Amino acid sequence: MAYTYQKNRENIDWVQVTNILNGFGLTDFTPDQTKTAFENSAVNVFILDGSKVIGCGRALSDGISQAAIYNIAVEESYHHQGLGKKIISLILEETTSCNVVLYTHPNTVSWYEEQGFRRMKTGMALYHPESIEELIRMDFI
């Protein structure tokens, strides 16, 4: 299939993006919050099937040495077509000089290892107190 890969936010349906992200438990944002998160990110990638957003991802970055990837998601009916790999690839094109880190669900660690990511021995996080119980339940921490 011919999909459109878009690195800007023009004409993006934020309800569709929010539904994808919330559907996988990646956020609990409203469409306005989703839009703000992507607007405040250095890199945005969207995959469209016609006018329908079917995948997305973003990265925060200083553009020089550090980047962090967030919100990689592809609508479930489009899985196993290499679209997640394509999102990662397009983000990495924009962060070539950077060390890149990311959060992922414990169930997808091996998938990211297949993409060349390595586990960190010194990664640390300070979580919002309201998030800790849910993160423990999901086996993140």
Side-chain angles (χ1 to χ4, degrees), residues 1-136 138-141:
M1 284 211 152
Y3 301 117
T4 303
Y5 302 95
Q6 183 172 317
K7 291 184 181 179
N8 62 55
R9 295 177 299 275
E10 293 176 24
N11 301 314
I12 292 299
D13 183 326
W14 297 106
V15 171
Q16 292 176 4
V17 175
T18 301
N19 289 341
I20 293 170
L21 296 175
N22 291 0
F24 287 107
L26 297 176
T27 71
D28 60 358
F29 292 168
T30 66
D32 285 339
Q33 290 171 314
T34 300
K35 181 180 180 193
T36 298
F38 277 79
E39 287 175 339
N40 289 329
S41 299
V43 181
N44 292 249
V45 173
F46 303 94
I47 301 177
L48 296 102
D49 184 357
S51 62
K52 180 182 180 184
V53 178
I54 61 166
C56 62
R58 65 188 181 97
L60 306 178
S61 180
D62 59 20
I64 299 168
S65 65
Q66 302 297 321
I69 293 177
Y70 293 92
N71 299 138
I72 304 299
V74 175
E75 190 174 293
E76 195 164 3
S77 62
Y78 291 86
H79 282 190
H80 307 293
Q81 297 183 42
L83 299 176
K85 291 177 187 178
K86 183 66 173 179
I87 293 169
I88 295 292
S89 172
L90 292 170
I91 290 173
L92 294 176
E93 282 180 6
E94 302 297 320
T95 57
T96 56
S97 65
C98 296
N99 293 313
V100 180
V101 298
L102 61 86
Y103 282 110
T104 191
H105 189 280
N107 293 341
T108 57
V109 169
S110 63
W111 186 86
Y112 282 101
E113 288 175 332
E114 291 171 10
Q115 311 317 309
F117 288 86
R118 298 177 65 173
R119 293 177 191 236
M120 295 172 42
K121 293 182 180 180
T122 59
M124 303 293 291
L126 182 61
Y127 295 105
H128 192 278
E130 293 177 9
S131 303
I132 291 175
E133 291 303 316
E134 178 70 6
L135 292 169
I136 290 170
M138 294 175 66
D139 202 27
F140 276 67
I141 56 174

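Numbers here simply count residues along the sequence, with the first being 1. Every value quoted in this text rests on a predicted model; they were computed, and no experiment measured them.
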Legend entry - Inter-residue atom distance Q66.CD - L60.CG, 0.5 Å rounding: 12.0 Å
Legend entry - E94 (side chain) donor-acceptor with V43 (main chain) under 3.5 angstrom: no
Legend entry - Any donor-acceptor pair under 3.5 Å from Q115 side chain to W111 backbone: yes
Legend entry - Listed once per pair and sorted, the salt bridge (Lys or Arg N to Asp or Glu O under 4.0 Å) pairs that draw on residues 60-83, sequence neighbours left out: K52-E75
Legend entry - Least distance between heavy atoms, L83 atom then Y5 atom: CD2-OH, 3.7 Å
Legend entry - Within-4.5 Å side-chain heavy-atom neighbours: V101 and I69: no
Inset, instruction - List for me each residue that meets side-chain contact (heavy atoms from CB on, under 4.5 Å) alongside S131, sequence neighbours excluded, and say none if there are none. - result: H128, L135
Inset, instruction - Measure the shortest side-chain to side-chain distance between V100 and L92 over non-hydrogen atoms and say whether it is less than 4.5 angstrom. - result: yes
Inset, instruction - Would you give the length of the straight line joining atom CD of E133 to atom CD1 of I141, rounded to the nearest 0.5 angstrom? - result: 8.5 Å
Legend entry - Of all pairs that satisfy salt bridge (Lys or Arg N to Asp or Glu O under 4.0 Å), the ones with a partner from residues 84-93, not counting sequence neighbours: K7-E93
Legend entry - Non-hydrogen atoms of G63 and S61 that approach each other most closely: N-OG, 2.8 Å
Inset, instruction - Find out whether C98 and S65 are in side-chain contact, i.e. whether some heavy atom of one side chain is under 4.5 Å from a heavy atom of the other. - result: no
Inset, instruction - List in chain and number order the residues that pass ring-ring contact (aromatic ring centres under 6.0 Å, His included) with F117, two or more places apart in sequence or in another chain; answer none if no residue qualifies. - result: Y112
Legend entry - Non-neighbouring partners of R118 that pass side-chain contact (heavy atoms from CB on, under 4.5 Å), sequence neighbours left out: none
Inset, instruction - Return yes when atom CG of D28 has more than 12 non-hydrogen atoms of other residues, nucleotides or ligands closer than 6.0 Å, and no otherwise. - result: no
Legend entry - side-chain contact (heavy atoms from CB on, under 4.5 Å) assessment of L48 paired with Y3: CA-CA 6 Å; L48 296 102; Y3 301 117; over 6 Å; no
Legend entry - Side-chain heavy atoms of N44 within contact of N8, under 4.5 Å: no
Legend entry - Minimum heavy-atom distance between A73 and I20, given as atom pair plus value: CB-CG2, 3.5 Å
Legend entry - Residues forming a side-chain contact (heavy atoms from CB on, under 4.5 Å) with P106, sequence neighbours excluded: D139, F140
Legend entry - Spacing of T108 atom OG1 and Y103 atom OH [to the nearest 0.5 Å]: 14.0 Å
Inset, instruction - Sorted by first residue and then second, give each salt bridge (Lys or Arg N to Asp or Glu O under 4.0 Å) pair with at least one member in residues 96-116; sequence neighbours left out. - result: E113-R119
Inset, instruction - List the steps and the verdict of side-chain contact (heavy atoms from CB on, under 4.5 Å) for Q81 and V74. - result: CA-CA 10 Å; Q81 297 183 42; V74 175; over 6 Å; no
Inset, instruction - Flag the pair I72 / I91 as yes when at least one side-chain heavy-atom distance between them is below 4.5 Å, and no otherwise. - result: yes
Inset, instruction - Output all residues satisfying salt bridge (charged side-chain N to carboxylate O under 4.0 Å, His left out) with E39, sequence neighbours left out; order by chain, then residue number. - result: K35
Inset, instruction - Could you pull out all residues at least two apart from F38 that satisfy ring-ring contact (aromatic ring centres under 6.0 Å, His included)? - result: W14, F46
Inset, instruction - For T4, check side-chain hydrogen bond (donor to acceptor under 3.5 Å, both in side chains) against everything at least two apart and list the hits. - result: none
Legend entry - Qualifying residues under side-chain contact (heavy atoms from CB on, under 4.5 Å), relative to N22, sequence neighbours excluded: T18, T27
Inset, instruction - Taking Q33 for its side chain and A37 for its backbone only, find out whether a donor-acceptor pair lies under 3.5 Å. - result: no
Legend entry - Flag side-chain contact, heavy atom, 4.5 Å: L21 against C56: yes
Legend entry - Criterion side-chain contact (heavy atoms from CB on, under 4.5 Å) against N71, the qualifying member of L102, L26, V45: L26
Legend entry - side-chain hydrogen bond (donor to acceptor under 3.5 Å, both in side chains) partners of S41, counting only residues at least two apart: R58
